[in-house]
Amino acid sequence: MTGQGIGARLLRKEDERYMRGRGQYVGDIRLPGMQEVAFLRSPLAHARIKAIHIPDRIRDRVFIAADLDGVAAIRADTALPGFKSSVQPVLATDKVRYVGETVAMCIAPTRAEAEDLAAEIDVEFDALPALHDMLAARNAGAALVHEHWGDNLFLPTSTDVDFEAVKAKAAFSVTRELRTARQAMCPLEGRGVIAEWNSRLEQLVVTSSTQQPHIVRSGLAECLAIDEGSIRVVAPDVGGGFGYKGILLPEEVALAWATRKLGVPLRWLEDRRENLIAGADCREHHYILTAYADRDGRLLGLDCEATVDSGAYSAYPFSACLEAGQIGSILPGLYDFPHYRCRTYSVATNKPPILPYRGVARTGVCFALEVTLDALAREVGIEPNALRFNSLVQPEQMPFDNIAKRHFDSGNYPDALRQAVEAIGFDKVRDRQTQGEADGRRIGIGFSMYAEQAGHGTSVYAAWGIPFVPGYEQCQARFTPDGGLELRIGAHSHGQGLETTLSQVAHSILGVPHERIKVVHGDTAETPYSTGTWGSRCMIMSGGAVATACEELGERVLAIGAKLLQARREDVRIEGADVVSPSGKVAVAEVARTWYRRPQDLPPDVNPGGLELTAGYKAKRDTGTFSYAAHAAVVAVEPDTGEVEILDYVVVEDGGVLVNPMIVDGQIIGGCAQGIGTALYEEMPYDAQGQPLASTLSDYMLPGPTEVPEIRILHTETPSPYTRFGQKGIGEGGAIAPPAAITNAINDALKDIGAELVVSPISPRRIAEAIARAKPKAAAA
Amino acid sequence: MKPAPFAYERPATLSEAVRILADVPGAKVLAGGQTLGPMLNLRLAQPEMIVDIGRIPELAEVTETAGAISIGATVTHAAIEDGRVSDPAGGFLRRVAKGIAYRAVRTRGTIGGSLAHADPAADWLSALTALGAEVVLSGSHGSRTVVLAEFARGAMQADIAADEIVVAVRVPKFSRASRFAYHKICRKTGEFAEAIGVAVDDPERGVRRLVAGATEGRPIVLNLERDLISLSVAALEEALSASGYVADAYVLKLHAVALHRACQEASAL
Ligand SMILES: Cc1cc2nc3c(=O)[nH]c(=O)nc-3n(C[C@H](O)[C@H](O)[C@H](O)COP(=O)(O)OP(=O)(O)OC[C@H]3O[C@@H](n4cnc5c(N)ncnc54)[C@H](O)[C@@H]3O)c2cc1C
């Protein structure tokens, strides 16, 4: 091959348009006659709606729940026993359940005028006690988000594997209460929707900044009672997803309904205030975690009670339980131990419905587990990594079924940790710590590890029973008459670089030059069905489908090529961009030209399906791939102010066979930036009335380029035995481990003072207060 | 969010601007728009009329006298950062300007707008208070000059009437022997300060001043007898408390540390 296939560090093809400002996002699209939409959103977290007063003058441009005839509420149920379902109205009906919930839709020629309309609406509310704290929401007698439930529990789960026995065996144990803040995902581009009715095709066309066009289509069909064939969903360029756009939006349903009613195209563009207030929808976990070790510092067991703030409704399609429902199976991490108990609670509160943010539940779980393991090691009196080395699953155990029945496909976990220890210069940092710093700061070093399950499919999702279950993934591949290759996939690429990596897969098989390969995605009318882009699944599933389709297409090319070369089928093969026989060669492009333009030259037994086909793929085993990493951080902490500087950061990652290591590095770096945000900056605080307090980016703090250090990345490549070419999903990992590694480093820096941080983000104030709390204790001791 | 409707005027002279402000109740001055813009968009400000002072030549002037440099209200942070304005304090203003927000904001944001808004966390307010600067105002009743330390009455409250415009800020010239230090503690680059410490020491003019900024109110001026280098964090905490500043332990410490760092930095020059 040309060195531009699988494994090449090819520059991203899509960057040509992204980097030159030529991407086309919902905000760039203007249709003739299009009107803009502003939503009146609830100013209260929990209230009954007594009346909505709309001046007559503007009544025809304002729509409320009572106007939406024939529109069903959004429901995302699960099949998990004990799940209580929520009904999420497209526009609020009798009650509002979080600040930012859609109450009325206002339509005008410009957004400013639409907001003027919203300002004229007067809603009479009867305020109800707001549930701003998930633990309080679990208490008996708490106000109820959904009255008919009788409590605020979407779902409890529990797992117990021989737990009680650990108590007699353990020589050491520590218990920690940990919390992670509620966050808002902040993709550069917010959400955005255009809805129009195409009267020629009798089709509703919804253009939305989404990760899952096909799922949005199914959801719209369910809510609007329209055939799916009469709906086309287009996801144009999408400026970042991260899970924020893996959802059926009430706004999508509302615009889709109204465009039919009004006969004009409508557009809604989320602004940053809506994003922060109505979209603060992820990451909020609480843990009480006890970890047990034997005399030698080997992990014996875990006991966990985890609570997840699921917000007011079960979001479509991933449901209110995706996070808490997975905690029990993720918590054991990369460790092999015999005793385990985990109980989880998905709790309804008066906050936006929880969505799975990059890493999904893993970021919180990794934080809880790895921070507690460091504390356990300190209790035992050994280095935290000694405890890790004692307890990690060993390479010779692979593939390994862990205590929570997760099936680890391949890898060498201790080796990743060893490499991280070496690369970060562990011994040097320990030496430096004994010298002390001239500026009075304290240095600390911390590690964390995780595995990222990716591309998990039918067998995993069927049990959860959420609105979709991923099955086979398809690719439609075809040659154009001039020899170009088109690949159509139902997933969507919005920063992952799939237009490049899938091209690399195709190039490896068919040799077509990259400039002649076009990856088409983001349009239900042009692509095969797919559950979309989530769960780091695309390189496994779409990559597998592209490979299968290209191989089948290759067979057809070879059959024609052999005829053109007057060779036997078994004597020809594809080499570079040619079909080669022992005595000659013909370009693949020439074969394409022959099929379309000179059928007279085709062999009589040619496959009449031609150079166009749809092929599907499912992994040999669909429990997912497990890429994994060890992260290591060195920090300096200023004890007076609580300021933290990250001095060094190392990632040792194994993502199986890397299709494009440069793109993988980009994914890791971007993920780490988000992980640093979770660790040190991002937090949506709420007051006792359930009001979100960070409604602009000056209060909701995101890390910028100056807050993200150089991330040093090392790769190992242990192929997955189950995927098409040994690849694993790697899209989320970068965002999983940093909060744990950085917190462990901070706690290492403060260990002599006796201060320990267990609440993220680790803000300067939290550090200073932890030190202040620890000092009197140290003095008393 | 988009602004509520408003009328818009862009006068060419200062007197015309003042006249509009006096005539139209609820009219509001727009300079760089880096503060007012977001307030309009969030509909926190809903003025009847916007009076854009961006094209008034008198407000963009920089003039120099024997004892001071007068910087026009609409001079941008970027112009100061780039050294396009002569610096009465040996490069100090350039350093302060560089630490305001990020370049896009500095390109539009103005020194007069920053002072008029009187945000305690803003950089110019603390930095120029430490230098003993004065604000020159013009209104329908004529002109007046106010010492900056008194111009800011409290958070977002400047001593400025509805028909008055900040024309310039006059900064005294310092001797070559002067030492200045400015330390801003903020969560990340380009953010507003959590605490500001400014130290100014001009032995020739007999000025030794410490300013604590980003408190909830106007900057706190400390005129201390002791040598800057000898001031400990604890001593500064005490001095802040003695000045009447009330804050929780963490915030008090933060301000003392900012001052301490400024003192250390100035002493090292
Ligand atoms: C993202 C961001 C970060 C920022 N970070 C910082 C920071 O770190 N430090 C900092 O100091 N500032 C910061 N700022 C504020 C910035 O410095 C603004 O430029 C400044 O506060 C206001 O100046 P302006 O010219 O933009 O004023 P405008 O926004 O136009 O006006 C502000 C207010 O002052 C009034 N006004 C303006 N000019 C006059 C005048 N000549 N006479 C009378 N009234 C007047 C207006 O009516 C309005 O009430 C930041 C701003 C942004 C958007």
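When reading the values below, keep in mind they use all heavy atoms of this one structure, side chains included, and skip hydrogens, waters and symmetry mates. Proteins come first, then strands; the chains are lettered A, B, ... in the order of their sequence lines, and each starts at number 1.
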#### Entry: Heavy-atom contacts under 4.5 Å, residues 243-258 of chain B to chain A
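Those residues of residues 243-258 of chain B which have a heavy atom under 4.5 Å from chain A are B:Asp248, B:Tyr250, B:Val251, B:Lys253, B:Leu254, B:Val257.
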
Less than 4.5 Å to any heavy atom of chain B: does that hold for the side chain of [X], its backbone, both, or neither?
X        : answer
A:Asp640 : both
A:Glu638 : side chain
A:Arg273 : side chain
A:Glu707 : side chain
A:Ser695 : neither
A:Ala119 : side chain

Hey, is [atom1] on [X] packed in by over 12 heavy atoms from elsewhere, all under 6.0 Å?
X        : atom1 : result
B:Leu44  : CG    : yes
B:Arg55  : CZ    : no
B:Glu216 : CD    : no
B:Glu48  : CD    : no

### Task
Could you grab the distance from atom CE of B:Met1 to atom CZ of A:Arg272, nearest 0.5 Å is fine?
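Between B:Met1 CE and A:Arg272 CZ, I get 15.5 Å after rounding to 0.5 Å.
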
### Message
Once rounded to the nearest 0.5 Å, what's the spacing between atom OG1 of A:Thr696 and atom CG of B:Asn41?
### Response
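Taking OG1 in A:Thr696 and CG in B:Asn41, the distance rounds to 11.5 Å.
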
### Query
Closest heavy-atom contact between A:Pro764 and B:Arg187?
CD-NE, 3.3 Å

#### Entry: A:Ala112 to B:Pro3 - nearest heavy-atom pair and separation
CB-O, 4.1 Å

### Query
Using 4.0 Å as the upper bound for N to carboxylate O, is an ion pair formed by B:Arg261 and A:Glu643?
yes

#### Entry: A:Thr706 backbone acceptor or donor facing B:Lys188 side chain under 3.5 Å
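Side chain of B:Lys188 to backbone of A:Thr706, a donor-acceptor pair under 3.5 Å: no, none is there.
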
